[in-house]
Amino acid sequence: MKYKSQKVAYWFFALCMLLLVLQLTYGFIMGFARIGMDGLHEFIPFNTARAVHTNLLVVWLLAGFMGAAYYIIPEEAQRELVSVKLAYVQLISLAVVGVIAVVGYHFNHWEGRKFLEIPRELDYLVVVNVLLFLGLILATLFTGKRRTTTALVLTMGLLFAALLYLPGMIWFDSQVTDSFFRWWVVHLWVEGVWELIMGGILAYLLIKLTGVDREVIEKWLYVIVGLTFLSGILGTGHHYYYIGVNKIWLIVGGIFSALEPLAFLAMALFAMYMYRKGEKSHPNKIALFWTIGSSIVSFIGAGLLGFAHTLPQTNIYTHGTLVTAMHGHYAFWGAYAMIVLAIISYAIPNMTGRKRYNNSAGHLAFWLSNIGMLGMTVAFGVAGVAQVYLERKMKLDFMDVQNEISIHFVVLILCATMFTSGILMYIVEFLKYGKPTDEALEA
Ligand code: HEM
Ligand code: HEM
Ligand SMILES: [Fe+2]
């Protein structure tokens, strides 16, 4: 069954594509600045580009999650969205907040709290926007004909993500307290409730693409939710090692964060097992590639590369270096960017009634972007290890070290070019599908 109101999702996905291109532009600005080509410095210094790059990432992923919810919830609840008009109001206000924030970064020096740089006044607009979104999703789910585990996990993830945003809005005079609560947003999002969102979308896609019974798939989902909470909540301690809080966090953070890869391993095994068990008859292979790919790459990027610097004995050396950037790129790409690209690849043919998924452009987009991102991860990793050795072991000056390692950013830019070619091909495909139609959604 399809529902006409699922069309709203298309416009959220279109916003995603736009913001993704902008995000990459700022990535290149930083990459070039790192090799001395910093012509835009007066207007877009490195710290501005960095804030815009990471904040755009968060906004396009959130837009993708919202689009996914508007697409998935009607189908799971078996009813139209309660209000399509309000969903468009929510879309437009999200875009407006995004534009104000991005423009603002270029004219103001807002707080340097990585990932949460937007001023607290704008936070209130974000809250109103998210309340509207949650209201629409919850009302649709709870007045619908069914409440599936998949829909509940997805909605729970979105609801908790909104609640966890609040501690990040409180003002603290102490650096330590401020940092302590910043992680409730940044860590408990990506290593907690966003995993539920990912798990929900993954379960939905596996049900549709493999044809395995919902009961089997949803049993796994419980295991994933359990492992996520068991490890991720106390795992927050891996950000509390040497920031001025109680030493107990060295042990608690070390142990529980070391368990976090298990949730990602479970997701990878889950996806591969369901694929093998399934009928393999669904024609949309591109969506299947992105779905299985996401589960595997998130295990490598978040699970393995996260583990690589999560014990206090290693983190004391690697903290805040390019080793972190290595892990940050591959984890965000595998877990969240790829799952958003997966649901878009699945939903667009259904919404437009066109079936372009057998052509090679879509496959090329997948491989170019994935190989490009793997290369970028290696470049960041090599630069990061060299940085740790020179700066933290040999005690060379910070800026001298940055000069020493700039060659790795040439490699980064080459790989990023390959990555971006893949993304641009993906977007061209997206555009070629055209707009959604009522006929396709009535079929
Ligand atoms: C999809 C899930 C994940 C994403 C998107 C992600 C992303 C990130 C990002 C962006 C940072 C930098 C944050 C900042 O400095 O503000 C970071 C830091 C960190 N992550 Fe992850 N991560 C994920 C999962 C994991 C897992 C499972 C582990 C452990 C096994 C882990 C271990 C760490 C550690 C130890 C740091 C601190 C690095 C430092 O001290 O500089 N991450 N992560
Ligand atoms: C054209 C492609 C890209 C380029 C050239 C690029 C480059 C960069 C650079 C140079 C930094 C700053 C590292 C530093 O502190 O020196 C950065 C930060 C970051 N980028 Fe990208 N990036 C690109 C795409 C992406 C994508 C697709 C994602 C997510 C899926 C992403 C996620 C991040 C994150 C999370 C950080 C912050 C890492 C940290 O806190 O250590 N980037 N990027
Ligand atoms: Fe963390």
Side-chain angles (χ1 to χ4, degrees), residues 20-21 23-35 46-47 49-51 53-58 60-61 113-116 179 182-183 185-192 194-195 198 228 231-232 235-243 253-254 256-265 267 294 297-299 301-312 314-341 369 372-373 376-377 379-380 383-384 387 402 405 409 412-423:
L20 169 56
V21 172
Q23 190 217 341
L24 301 189
T25 310
Y26 284 81
F28 276 114
I29 293 175
M30 279 189 285
F32 280 108
R34 284 287 205 151
I35 56 171
F46 190 86
N47 61 322
R50 201 180 198 287
H53 182 68
T54 51
N55 283 263
L56 277 172
L57 167 67
V58 172
W60 83 256
L61 292 177
R113 298 188 320 147
K114 235 164 111 189
F115 286 98
L116 302 179
S179 185
R182 183 179 81 91
W183 291 110
V185 191
V186 178
H187 169 97
L188 288 177
W189 266 12
V190 300
E191 290 154 75
W194 282 28
E195 278 179 69
M198 178 188 172
T228 298
S231 61
T236 317
H238 67 178
H239 302 289
Y240 294 165
Y241 290 159
Y242 309 99
I243 69 167
F256 285 91
S257 69
L259 295 173
E260 284 180 35
L262 290 178
F264 288 96
L265 178 63
M267 274 198 266
S294 170
V297 177
S298 67
F299 172 60
L304 295 181
L305 297 182
F307 185 79
H309 60 160
T310 204
L311 297 178
T314 37
N315 192 261
I316 194 169
Y317 289 106
T318 57
H319 174 69
T321 62
L322 289 163
V323 170
T324 308
M326 160 200 72
H327 153 70
H329 278 85
Y330 215 44
F332 259 118
W333 169 249
Y336 304 124
M338 285 182 76
I339 201 72
V340 167
L341 298 180
S369 58
M373 182 50 88
M376 288 169 60
T377 305
F380 273 125
Q387 180 191 2
Q402 299 299 318
I405 62 178
F409 285 87
L412 179 85
I413 290 171
L414 289 175
C415 296
T417 306
M418 183 173 182
F419 170 78
T420 305
S421 318
I423 295 295

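Just so you know, these numbers use all the heavy atoms, side chains as well, and skip hydrogens, waters and symmetry mates. In each ligand, atom 1 is the first atom listed, and ligand 1 is the first ligand listed.
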Under 4.0 Å from one or more heavy atoms of R34, ligand 2 contributes atoms 14 (C), 16 (O)
Location of contacts on W194 toward ligand 1, heavy atoms closer than 4.0 Å: neither
Out of M376, K114, H329, M373, who is nearest to atom 19 (C) of ligand 2 when you count heavy atoms only? H329
Under 4.0 Å from ligand 2, counting heavy atoms only, is it the side chain of T54, its backbone, both or neither? side chain
Protein heavy atom at shortest distance from atom 27 (C) of ligand 1: E260 OE1, 3.2 Å
Which atom, among the N/O/S set of H187, is closest to the Fe ion (ligand 3)? ND1
Protein heavy-atom partner closest to atom 7 (C) of ligand 2 - residue, atom, separation in Å: G27 O, 3.8 Å
Protein heavy-atom partner closest to atom 13 (C) of ligand 1 - residue, atom, separation in Å: W183 CH2, 3.7 Å
Once you restrict to heavy atoms under 4.0 Å, what part of R182 touches ligand 1? Side chain, backbone, both or neither. side chain
Go through the steps to decide whether H319 and Y242 satisfy the test ring-ring contact (aromatic ring centres under 6.0 Å, His included), and finish with yes or no. CA-CA 10 Å; H319 174 69; Y242 309 99; 8.3 Å; no
Answer side chain, backbone, both or neither: which part of Y336 comes under 4.0 Å from ligand 2, heavy atoms only. neither
min-distance protein heavy atom vs atom 34 (C) of ligand 1 -> H309 NE2, 3.6 Å
Per-atom contacts, ligand 2 versus F332 - under 4.0 Å to a heavy atom: 29 (C), 30 (C), 35 (C)
Could you tell me whether any N, O or S atom belonging to E260 is less than 2.8 Å from the Fe ion (ligand 3)? no
Considering heavy atoms of the protein only, find what lies nearest to atom 40 (O) of ligand 1 and give residue, atom and distance to 0.1 Å. H319 ND1, 2.5 Å
To atom 30 (C) of ligand 1, the nearest of S231, G235, S257 on a heavy-atom basis is S257
Any idea which protein heavy atom is nearest atom 36 (C) of ligand 1, and the distance to it? H239 CE1, 3.6 Å
Q402 and I405: CA distance, side-chain angles, deciding distance, side-chain contact (heavy atoms from CB on, under 4.5 Å) verdict: CA-CA 5 Å; Q402 299 299 318; I405 62 178; 4.1 Å; yes
For ligand 2, find out whether one of its N or O atoms is nearer than 3.5 Å to an N or O atom of R50. yes
Ligand 2 and H53, any nitrogen or oxygen pair closer than 3.5 angstrom? yes
Applying side-chain contact (heavy atoms from CB on, under 4.5 Å), can you list everything that pairs with A49, at least two apart in sequence or on another chain? Y26, I29, M30, I44
Short list, please: which atoms of ligand 2 are under 4.0 Å from a heavy atom of F419? 27 (C)
F380 heavy atoms within 4.0 Å reach ligand 2 at atoms 8 (C), 9 (C)
Do me a favour and list the nearest non-hydrogen protein atom to atom 32 (C) of ligand 1 with residue, atom name and distance? H238 CE1, 3.2 Å
Hey, is L322 one of the residues with a heavy atom under 4.0 angstrom from ligand 2? yes
Exam field: side chain T228 to backbone G192, donor-acceptor pair closer than 3.5 Å: no
Between F299 and ligand 1, which part of the residue brings a heavy atom under 4.0 Å of the ligand: side chain, backbone, both or neither? neither
For atom 12 (C) of ligand 2, what is the nearest protein heavy atom, given as residue, atom name and distance? M30 SD, 3.6 Å
Could you tell me, atom by atom, which parts of ligand 2 come under 4.0 Å of a heavy atom of A416? 1 (C), 2 (C), 5 (C)
Which of the protein's N, O or S atoms come within less than 2.8 Å of atom 21 (Fe) of ligand 1, not counting waters? H327 NE2
Quick check on contacts: which atoms of ligand 2 are under 4.0 angstrom from a heavy atom of L57? 29 (C), 30 (C), 32 (C), 35 (C)
Enumerated ligand 2 atoms positioned under 4.0 Å from heavy atoms of F46: 14 (C), 16 (O)
In terms of atom number and element, which parts of ligand 2 are under 4.0 angstrom from non-hydrogen atoms of T420? 1 (C)
Write the atom name of the N, O or S atom in H238 that is nearest the Fe ion (ligand 3). NE2
With sequence neighbours excluded, residues passing side chain to side chain donor-acceptor pair (under 3.5 Å) with T377: none
Using only atom types and a distance under 3.5 Å, with no angle test, would you say the side chain of Q387 pairs donor to acceptor with the backbone of L322? yes
Per residue E191, nearest N, O or S atom to the Fe ion (ligand 3) is named OE2
List the residues meeting side-chain contact (heavy atoms from CB on, under 4.5 Å) with L24, not counting sequence neighbours, and say none if there are none. L20, F419, T420, I423
If we ignore angles and hydrogens, is there a donor and acceptor under 3.5 Å between the side chains of H309 and T314? no
Ignoring angles and geometry beyond distance, decide whether N315 reaches within less than 3.5 Å of ligand 1 through its nitrogen or oxygen atoms. yes
Mind checking whether V323 contacts ligand 1 via backbone (N, CA, C, O), side chain (CB onward), both or neither, at a 4.0 Å heavy-atom cut-off? neither
